[in-house]
Amino acid sequence: MESRLLLYNTLSRNKELFEPLNPPFAGMYVCGPTVYGDPHLGHARPAITFDLVFRYLQHLGYKVRYVRNITDVGHLEADLDEGEDKIAKKARLEQVEPMEIAQYYADRYFLYMDALNVKRPSIEPRASGHIIEQISLVQQILDAGYAYEVNGSVYFDIEKYSKTYQYGRLSGRVLDDLLTNTRNLEAQEEKHHPADFALWKKAQPEHIMRWPSPWSDGFPGWHLECSAMSTRYLGLQFDIHGGGMDLLFPHHESEIAQSQIANRVTPAKYWMHNNMITINGQKMGKSLGNFITLEEFFTGNHRELLKAYSPMTIRFFMLQAHYRSTLDFSNEALEAAEKGLKRLMTAYEILIKSPSPQTDPRSAIRDPRSPIIHRQSPIADLFDACYAAMNDDFNSPMVIASLFEAVHIINSVYDKNESITVEELDLLKKMFGIFVFDILGLKNEQSSDQSVYLDGLMDLILKIRQKSRETKDWGTSDQIRDALNKLHIVVKDGKEGTNWNVE
RNA sequence: GGUUUCGUGGCCGAGUGGCUAGGCAGCGGUCUGCAAAACCGUCCACAGCGGUUCGACUCCGCUCGAAACCUCCA
């Protein structure tokens, strides 16, 4: 299929045609989690956003190398225990090795991302495994004359950089503003300019995460790892760099500066940023103490939650919003997502499981919105609309809207036994296969563990119930239905007989 | 204060210079022993004030309000 994929490039603040540097290959780097806490809803947003990008690029036929890092070195904790990084701090509190913490939370992260049906990236490098690359990157920047050493720490020279390059290009910031608006920290006494950022920090004696370097025993600055690892696995220049909007400044801005000096190029062609999750209109974040972990969502064990929400409900909820919009959490919105997803999946079950409806070369399917005779089936139109939506900066909400129109058609056909062509029926199945399962990455949670025994038993039970219904023995009939309900098996009597499914 | 972004119906959320978003909820029907589901119909919008235009929810300006970033954060 001829595709013209447009994606919004933060660098240009415009939608641009996606033209990879080396087709058919596509390289994508996304900033991954710092593994010092349980994964929460905020972690799910970029994971799902770039999973969608990954899946769609693959669907279009690109050979994608998707790199997402694990930050297990930790970043500077500015407010207290100066210089001590997050992972080390947590390790000290919990009396374990820092790597034990990193391992534990990395495992937790994978567990919950798997539950959300987020595909594993091609490579998941760890910052701690790339200290050598980071040290050599610092050296390159020093050699180029854009960094300076003070007391064993190395800082990037923003002032010098700004004479030739534009620091603030990605985030739209101006250096003078940075100068006047940067908070004064004690550590900044070492810096020549308040906007300078650390490339290497000398470790204090009590700091347990440390590596030897030409300058001191210490640890790398927090912008360094992404530059080092993206270069290592994707080359000096690659196609897409992704991450949360909160990383725009200073993290991504500094990555650009580092690459510009060390490699003489801007690292990524397209910069993509997902927006934040809000809770009561406010950002959900660790420091705000208002975050809800994924485990809490899946179990319902949190005071803000009225009930548990399944992984696919969370995934669907996020895909119903565009990735560049903020998405506000509420129980009401999640319940709506849950019901909508069920409607989508039930229609799919009907499509593949029910006996074929009346097929007829003269389809009764008409576009309800337009009396015009189409040159092609309205179902083909919906199919095209799905591609058009994805090609327009991954507009998953519009894909979902088209899918619901398909649901409407499926229900009408089966409910009223309207005629449909064999081709249209196949097209519907194909549309669901590609968009619902392959691209949106949704799974059917309703009918996961049905066995042949269950099918056989249900046949038997429903036959007995049918007999009681024929003799108008409603007591027995309802008793069976109620008992099955308690086992989470829902029985529905329709015109064409009785249906059932496991909830 | 600066930077970026946003303000859509009861809720969540797309989109567009004139033509239906979609989901959930509500209301009225159809179907049904009842229930559920489904189907048909229906109500509720584009923060406010100006401007451009034949026409603006959509473009421009102002006002009000909100958020993120500027400090670790997805």
Side-chain angles (χ1 to χ4, degrees), chain A residues 10 13 30-34 36-37 39-47 49-50 74-79 85-86 168 171-174 176-178 180-183 185 195 222 242-251 273-278 281-288 291 316-317 320-322 324-344 346-347 350 367-370 385 389 392 395-405 407-408 410-412 414-416 469 472-474 477-478 481-482 485 490-495 499 501:
Chain A
T10 311
R13 306 207 183 271
V30 174
C31 295
T34 301
Y36 71 105
H40 57 78
L41 199 60
H43 290 102
R45 188 94 196 258
T49 296
F50 294 102
H75 299 153
L76 287 173
E77 195 96 306
D79 46 347
D85 77 46
K86 285 181 169 176
S171 54
R173 265 159 238 265
V174 183
D176 289 345
D177 296 333
L178 290 173
T180 52
N181 292 308
T182 305
R183 193 173 71 168
L185 286 176
W222 75 289
M245 270 185 186
D246 50 345
L247 296 178
L248 234 157
F249 188 91
H251 186 54
H273 292 92
N274 63 274
N275 216 319
M276 303 289 108
I277 298 283
T278 59
Q282 211 188 20
K283 183 179 144 178
M284 175 180 285
K286 280 167 210 150
S287 52
L288 295 167
F291 68 95
F316 187 69
F317 171 64
Q320 272 190 307
H322 186 81
R324 283 192 288 116
S325 303
T326 55
L327 175 59
D328 198 48
F329 154 85
S330 70
N331 280 286
E332 220 179 346
L334 275 172
E335 273 185 61
E338 184 178 55
K339 285 182 186 169
L341 178 61
K342 187 183 163 195
R343 182 170 149 88
L344 191 66
T346 303
I350 290 170
D367 190 333
R369 300 162 300 180
S370 155
D392 187 15
N395 197 325
S396 54
M398 281 193 74
V399 172
I400 290 170
S402 290
L403 288 170
F404 274 112
E405 297 201 21
V407 167
H408 179 76
I410 292 168
N411 285 333
S412 297
Y414 284 87
D415 191 67
K416 297 186 290 190
R469 291 183 75 215
K472 303 206 182 214
D473 178 4
W474 308 124
S477 154
D478 289 352
R481 187 172 62 193
D482 293 347
N485 258 327
V490 178
V491 174
K492 295 166 190 169
D493 299 315
K495 242 181 201 169
N499 280 315
N501 61 283

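Throughout, a chain's letter reflects where its sequence line sits, starting with A, and its residues are numbered from 1. What you see is a predicted model, and the numbers here were worked out from it, not measured in a lab.
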For [X] and [N], is the shortest distance between a side-chain N/O and OP1 or OP2 below 4.0 Å?
X: Lys492(A); N: A35(B); result: no
X: His408(A); N: C39(B); result: yes
X: Asn275(A); N: U5(B); result: no
X: Thr326(A); N: U5(B); result: no
X: Ser325(A); N: A14(B); result: yes

For [X], answer base if it contacts any base atom (sugar-phosphate contacts may also be present), sugar-phosphate if it contacts only those atoms, and nothing otherwise; contact means non-hydrogen atoms under 4.0 Å.
X: Asn395(A); value: sugar-phosphate
X: Arg13(A); value: sugar-phosphate
X: Ala401(A); value: base
X: Met245(A); value: nothing

message = Any N or O donor-acceptor pair under 3.5 Å from the base of A36(B) to the side chain of Arg481(A)?
response =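 No, no donor-acceptor pair under 3.5 Å.
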inquiry  = Heavy atoms from C-beta onward define the side chain here; which of A37(B), C39(B), C69(B) lies closest to that of Arg343(A)?
reply    =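 The listed nucleotide nearest to Arg343(A)'s side chain is C39(B).
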request  = Choose from C11(B), A74(B), A21(B) the nucleotide whose nearest atom is closest to any side-chain atom of Ser330(A).
outcome  =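 Nearest listed nucleotide: C11(B).
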key: Consecutive Watson-Crick or G-U pairs in runs of at least 3, all under 3.5 Å, in which RNA chain B is involved   =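 Result, WC/G-U stems under 3.5 Å: B:1-7 with B:64-70, B:10-12 with B:22-24, B:26-30 with B:38-42, B:47-51 with B:59-63.
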inquiry  = Here's a test of your reading of the structure: between Ser402(A) and Arg45(A), which maps to the more 5' nucleotide of RNA chain B?
reply    =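 Per heavy-atom nearest nucleotide, the more 5' residue is Ser402(A).
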G23(B) pyrimidine/purine six-ring stacking with Phe404(A), under 5.5 Å and 30° =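 Per 5.5 Å and 30° rule: no stacking.
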